[in-house]
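All remarks here apply to the structure that follows.
For clarity, every value in this text was computed on a predicted model and none was experimentally measured. Naming convention: chains lettered A, B, ... in sequence-line order (proteins, then strands); numbering from 1 in each chain.
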There are 4 protein chains.
Amino acid sequence: MDKKQREYKIIESALDMFSRKGFYSTTVAQIAKSIGMSVGHFYNFFPSKNSLAKASITFVTKKLADELHKINELNISSKDKIHMFVLSYLDFLEKNPQMIDYFFKVYLANREMFSQDGDSGFELAKAFIDEIEILINSGIESKEFCKKDFYVSFSCITGILGGITFLNGEGVLNKDVNIYAKELSDSIVKALQ
Amino acid sequence: MDKKQREYKIIESALDMFSRKGFYSTTVAQIAKSIGMSVGHFYNFFPSKNSLAKASITFVTKKLADELHKINELNISSKDKIHMFVLSYLDFLEKNPQMIDYFFKVYLANREMFSQDGDSGFELAKAFIDEIEILINSGIESKEFCKKDFYVSFSCITGILGGITFLNGEGVLNKDVNIYAKELSDSIVKALQ
Amino acid sequence: MDKKQREYKIIESALDMFSRKGFYSTTVAQIAKSIGMSVGHFYNFFPSKNSLAKASITFVTKKLADELHKINELNISSKDKIHMFVLSYLDFLEKNPQMIDYFFKVYLANREMFSQDGDSGFELAKAFIDEIEILINSGIESKEFCKKDFYVSFSCITGILGGITFLNGEGVLNKDVNIYAKELSDSIVKALQ
Amino acid sequence: MDKKQREYKIIESALDMFSRKGFYSTTVAQIAKSIGMSVGHFYNFFPSKNSLAKASITFVTKKLADELHKINELNISSKDKIHMFVLSYLDFLEKNPQMIDYFFKVYLANREMFSQDGDSGFELAKAFIDEIEILINSGIESKEFCKKDFYVSFSCITGILGGITFLNGEGVLNKDVNIYAKELSDSIVKALQ
DNA sequence: CATGAATGAGTGTTCATTCAT
DNA sequence: GATGAATGAACACTCATTCAT
């Protein structure tokens, strides 16, 4: 296993633990142990617990951005893109709840952590945000969506998905979150019109 | 100043500090000091730091619930209610950013904290959630909104507002958040239709 | 026991332990334990292990300075003052070897530690150095000593005493260091002439 | 480069780093890196960081002893030998401050380090001490110096030089330390008389 | 009611040393 | 010979909580 793969393993385990117990309640020792690594060796991969948190954010948003990028490349209507993205997101949420939870738990909660030493957290999530922008603009160009302030449109997509994610985290939703897919994507599309 | 008032003072200061520095980076000593109270005395009001966090959530959602309750009582269309709620929320966000930030920072991030000893965080926010439900149902009854799964409708309202709140926290929005009001409420209304 | 007295107790114990085991090999926990105090409480007295080291230097040099000050005030020849100072120093060395050892071990060895945040170690020992200067100048004025570069004269006094202290630390001297007193003070006086 | 030469290279670099940052603040990894050697390989030369410290002490005192040995061999008065030794020492101090600093910083400060496993530090510096003894005894024989307890005479020479070295380390002396040479050697000679 | 001294378990991080390659 | 990945004990420092006064 090469260094990069080990790094992923650490991130994946961290994502899982951070999302379950929170950033501050997860210790470096626990993370290291969870993948059978010594504390000292952990620090050969990440110079600090904080830097692991940052790398994890980038990792998650990169994954989401990749999914969305594939959809953006397709030659289909923007409405369908939204629909596919919702499906893809819910699927991701079902399979990797810890990644999404991590975003909520660690990123939203500890913004001060990410905004020190220059790079704002916004920066870390840039890849994903850029793809959202592409999606919105293509819809506006094709007249499917109405031109609005970017931040409003951004909120319509990520906010509605964020809402359902929050509820999922609360454990009140039906186990099969896919049943919400159609209503959700319809609502998002309407919101953008 | 009676006991209840003191309690509010603690909550208000905690809200401010938690939202700025996060829950784990704010110490009980700091909170106590900020209102000129001794650490020991603090524990006469709240049995633990955790319980203060819970009381603070209830405090914030109660405030939001009250605002929404007033709007729900009015004899106007649901669409107008949404519009008024958005205005009211943005106003609240502008005047009490720490309260909203608190919700994001502490509640979302530390759900494990709230879900121990029985009461889920959802429980704590019940008053607010109930009012949202009333708002949605009245709209469905008046045929202004389309009947959807409650959780989807809930996500449309709180998610979109949550999205703009997130962006506000990132510091990317125009200082006067009210300029987003109309587009936001229009989007929400459409999403609910 | 008031706060100041507790501080002294910490310093005295630290002086003892630092001088026996060195600064880096003595832990805060050990110091705290040695005086029956918890680690946490230690930090109510000194904000850091480093600051304790600094306070200890000041403590020791202040003691030495006080001794020398008393001698400087006497209406006797400078030669006699040197003699008295040597006696007083050897007595101090015999009764408080840890204080002198501390100076050697921690101060000389970790100058980088003391020179950060502005105050050079030299500054910390100022009281003592000033008294040495007074002693030298009074001897020059009374023509008992020859005028030399201050630093050379300073080295003659403190160096020779330092030398014997070093040897004492090596454990090669006779237990009763006072037997060296006369030869030492004669040598110092001659060196200054 | 043969093994012995590598060893010297390690010692020289260690001397430099230890003297600048102290023994405990210099890591084996840093020393190894500074001479382009791997950590593991370092341990093929020295079985421990401690043993490097010891070898370094021997290295430095051997150098000083060699200088002094040459002077002791000369057919000149003891007074002149002292004078030459002071010049030689100050020159050494100017050119190799790290070596002298090392003695102060590491040896004096961490005597406990050197005195474990039998050999006292005094032992390590034996070659140098022996030469000092020869110098003193030759002066006593030629009646230039007065017979005193060896340790007192030893303190007069090494103490006064130690004093000026301390001040040099404090950065208070004139850059050209040679200007103190005459006064220093005169003082030492007088102290020995 | 009110104080703040006191506790001590717990945290992130470091680093001498080992050893498989 | 030479590497550097890997270990894990150890450390300075923090902070929620308690309790004597």
### Task
Starting from the 5' end of DNA chain E, give me the residue, C/G36 or A/A29, whose nearest nucleotide shows up first.
C/G36
In whole Å, I'd like the distance from the [atom1] atom of [X] to the [atom2] atom of [N].
{"X": "B/F18", "N": "F/dA16", "atom1": "CZ", "atom2": "P", "result": "9 Å"}
{"X": "C/K3", "N": "E/dG4", "atom1": "NZ", "atom2": "C1'", "result": "10 Å"}
{"X": "D/Y24", "N": "E/dA16", "atom1": "OH", "atom2": "P", "result": "10 Å"}
{"X": "B/F23", "N": "F/dA16", "atom1": "CZ", "atom2": "P", "result": "8 Å"}
{"X": "D/I10", "N": "E/dA16", "atom1": "CD1", "atom2": "P", "result": "14 Å"}
{"X": "A/K33", "N": "E/dT11", "atom1": "NZ", "atom2": "C1'", "result": "16 Å"}
{"X": "A/I31", "N": "E/dG10", "atom1": "CD1", "atom2": "P", "result": "18 Å"}
{"X": "D/L52", "N": "E/dC15", "atom1": "CG", "atom2": "C1'", "result": "15 Å"}

### Query
In residues 38-49 of chain B, what residues come within less than 4.0 Å of DNA chain F, judged by heavy atoms?
B/V39, B/G40, B/Y43, B/S48, B/K49
### Query
Under 4.0 angstrom, heavy atoms only, what part of the nucleic acid is D/T26 near: base, sugar-phosphate, or nothing?
sugar-phosphate
Partners of [X] by salt bridge (Lys or Arg N to Asp or Glu O under 4.0 Å), sequence neighbours excluded?
{"X": "B/D16", "result": "B/R20"}
{"X": "D/K62", "result": "D/D66"}
{"X": "D/K3", "result": "none"}

#### Entry: Stems involving DNA chain F, each a run of at least 3 consecutive Watson-Crick or G-U pairs under 3.5 Å
E:2-21 with F:2-21
### Query
Counting side-chain heavy atoms from C-beta on, which of F/dT17, F/dA2, E/dA16 comes nearest to D/R6?
F/dA2
Show me the donor-acceptor pairs within less than 3.5 Å that the side chains of residues 31-38 of chain A make with the rest of the protein, sequence neighbours left out.
{"residue": "A/S34", "atom": "OG", "partner": "A/S13", "partner atom": "OG", "Å": "2.5"}
{"residue": "A/S34", "atom": "OG", "partner": "A/I31", "partner atom": "O", "Å": "2.7"}
{"residue": "A/S38", "atom": "OG", "partner": "A/H41", "partner atom": "N", "Å": "3.2"}

### Task
By nearest nucleotide on DNA chain F, pick out whichever of D/M37 and C/V28 is the more 5' one.
D/M37
When rounded to the nearest 0.5 angstrom, what is the spacing between [atom1] in [X] and [atom2] in [Y]?
{"X": "B/F103", "Y": "B/F128", "atom1": "CZ", "atom2": "CZ", "value": "7.5 Å"}
{"X": "B/F45", "Y": "B/S51", "atom1": "CZ", "atom2": "OG", "value": "12.5 Å"}
{"X": "C/D2", "Y": "C/Y8", "atom1": "CG", "atom2": "OH", "value": "9.5 Å"}

### Query
Within 45° of the six-membered ring axis of D/F23 and under 6.0 Å from that ring's centre, is NZ or CZ of D/K49 located there?
yes
#### Entry: Sidechain N-carboxylate O distance under 4.0 Å for A/K4, A/E7
yes
